[in-house]
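One structure is given below, encoded as structure tokens.
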Amino acid sequence: MKHPRHTGWTFLTSHARVLAAIAEDRRTRIRDIAVRCRLTERAVQKIISDLEEDGYLTHTREGRTNAYRIQPGTILRHPAEAGMTVDGLLSALAQQDARQDARRDAPRVLPRERDSDSAR
């Protein structure tokens, strides 16, 4: 599926999106993260490296794939988020995803079709 191209700024950084993708599936492939986050594989590799370097994430090799481990108690970097942990951020994002899924899966209510007998 081709996604429309986005221009301009966004509220969530690419780092937050990559971390959320890993939180959803700790054995996800870089290729899959790139598609989900609409980034290049190279950008995802750099972001993962940044996250590992700053202690937000580690990985271990399991066969031909990586298994990632998020450090949930790590404090977010920006002073405005002082005290907020990675776990808190991911929890908020997961709640939003759950609400979106519930709305998407809810049955669509169509306007009632007029009964032909009542129209006469």
Side-chain angles (χ1 to χ4, degrees):
M1 171 170 65
K2 183 80 173 169
H3 296 289
R5 187 149 178 89
H6 174 78
T7 59
W9 62 273
T10 62
F11 283 99
L12 294 178
T13 67
S14 296
H15 284 67
R17 286 191 185 94
V18 168
L19 200 59
I22 290 170
E24 190 172 296
D25 178 3
R26 68 184 213 94
R27 288 184 177 87
T28 190
R29 298 177 306 170
I30 287 176
R31 174 181 300 144
D32 297 329
I33 296 169
V35 169
R36 176 181 171 168
C37 297
R38 300 181 190 175
L39 299 168
T40 65
E41 289 182 37
R42 185 177 196 134
V44 171
Q45 288 172 332
K46 171 70 171 110
I47 289 168
I48 288 172
S49 176
D50 290 346
L51 293 169
E52 286 185 311
E53 186 176 307
D54 287 346
Y56 292 92
L57 184 67
T58 60
H59 80 275
T60 55
R61 200 77 177 141
E62 292 183 357
R64 294 177 53 180
T65 62
N66 288 323
Y68 298 97
R69 184 172 189 289
I70 295 171
Q71 304 302 321
T74 307
I75 304 294
L76 299 183
R77 292 177 55 156
H78 197 280
E81 289 104 26
M84 185 172 192
T85 63
V86 167
D87 195 41
L89 171 66
L90 294 174
S91 177
L93 293 174
Q95 288 173 8
Q96 177 61 24
D97 284 349
R99 284 192 295 270
Q100 285 178 331
D101 289 346
R103 281 194 298 266
R104 185 176 41 249
D105 294 340
R108 296 185 87 187
V109 178
L110 300 175
R112 287 187 173 191
E113 292 183 12
R114 193 169 16 170
D115 184 351
S116 60
D117 291 334
S118 65
R120 293 181 188 169

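The chain is numbered in sequence order, starting from 1.
- Rounding to the nearest 0.5 Å places CZ of Arg26 at 10.0 Å from CD1 of Ile70.
- Nearest heavy atom pair, residue His15 against residue Asp50, reads NE2-OD2, 2.9 Å.
- Interatomic distance, Arg31 CZ to Thr40 OG1, rounded to the nearest 0.5 Å: 13.0 Å.
- A donor-acceptor pair under 3.5 Å is formed between the side chain of Thr74 and the backbone N or O of Gln71.
- The two atoms that bring Leu93 and Ala20 nearest to each other are CD1-CB, 4.0 Å, heavy atoms only.
- Side-chain contact check for Leu39 versus Ile47: some heavy-atom pair is nearer than 4.5 Å.
- Rounding to the nearest 0.5 angstrom, the gap separating the OG atom in Ser49 from the CG atom in Asp54 is 9.5 Å.
- Of the inter-residue distances, the one linking Arg29 atom CZ with Arg36 atom CZ reads 14.5 Å to the nearest 0.5 angstrom.
- Residues Gln45 and Ile30 meet the side-chain proximity criterion, which asks for heavy atoms closer than 4.5 Å.
- In this structure, the separation between CD1 on Ile48 and OH on Tyr68 is 3.5 Å, given to the nearest 0.5 Å.
- Rounded to the nearest 0.5 Å, atoms CG (Leu57) and CD1 (Ile22) are 5.0 Å apart.
- Clustering ILVMFWY residues whenever any of their side-chain heavy atoms sit less than 4.5 angstrom apart, transitively, puts Tyr56 in the very cluster that holds Leu89.
- The closest side-chain donor-acceptor pair between Arg27 and Asn66, if any, does not fall under 3.5 angstrom.
- In this structure, the side chain to side chain donor-acceptor pair (under 3.5 Å) partners of Glu52, at least two apart in sequence or on a different chain, are His59.
- Ile75 forms part of no hydrophobic cluster, judged by ILVMFWY side-chain heavy-atom separations under 4.5 Å.
- Between Leu90 and Ala23, the closest heavy-atom pair is CD1-CB, 3.8 Å.
- Pairs engaging residues 24-46 under the ring pair (Phe, Tyr, Trp, His ring centres under 6.0 Å) rule: none recorded [sequence neighbours left out].
- When the side chains of ILVMFWY residues are joined at heavy-atom separations under 4.5 Å, either directly or via intervening members, Met84 and Val18 end up in a single hydrophobic cluster.
- Across every non-hydrogen atom of Pro72 and Thr85, the tightest pair is O-CB, 3.4 Å.
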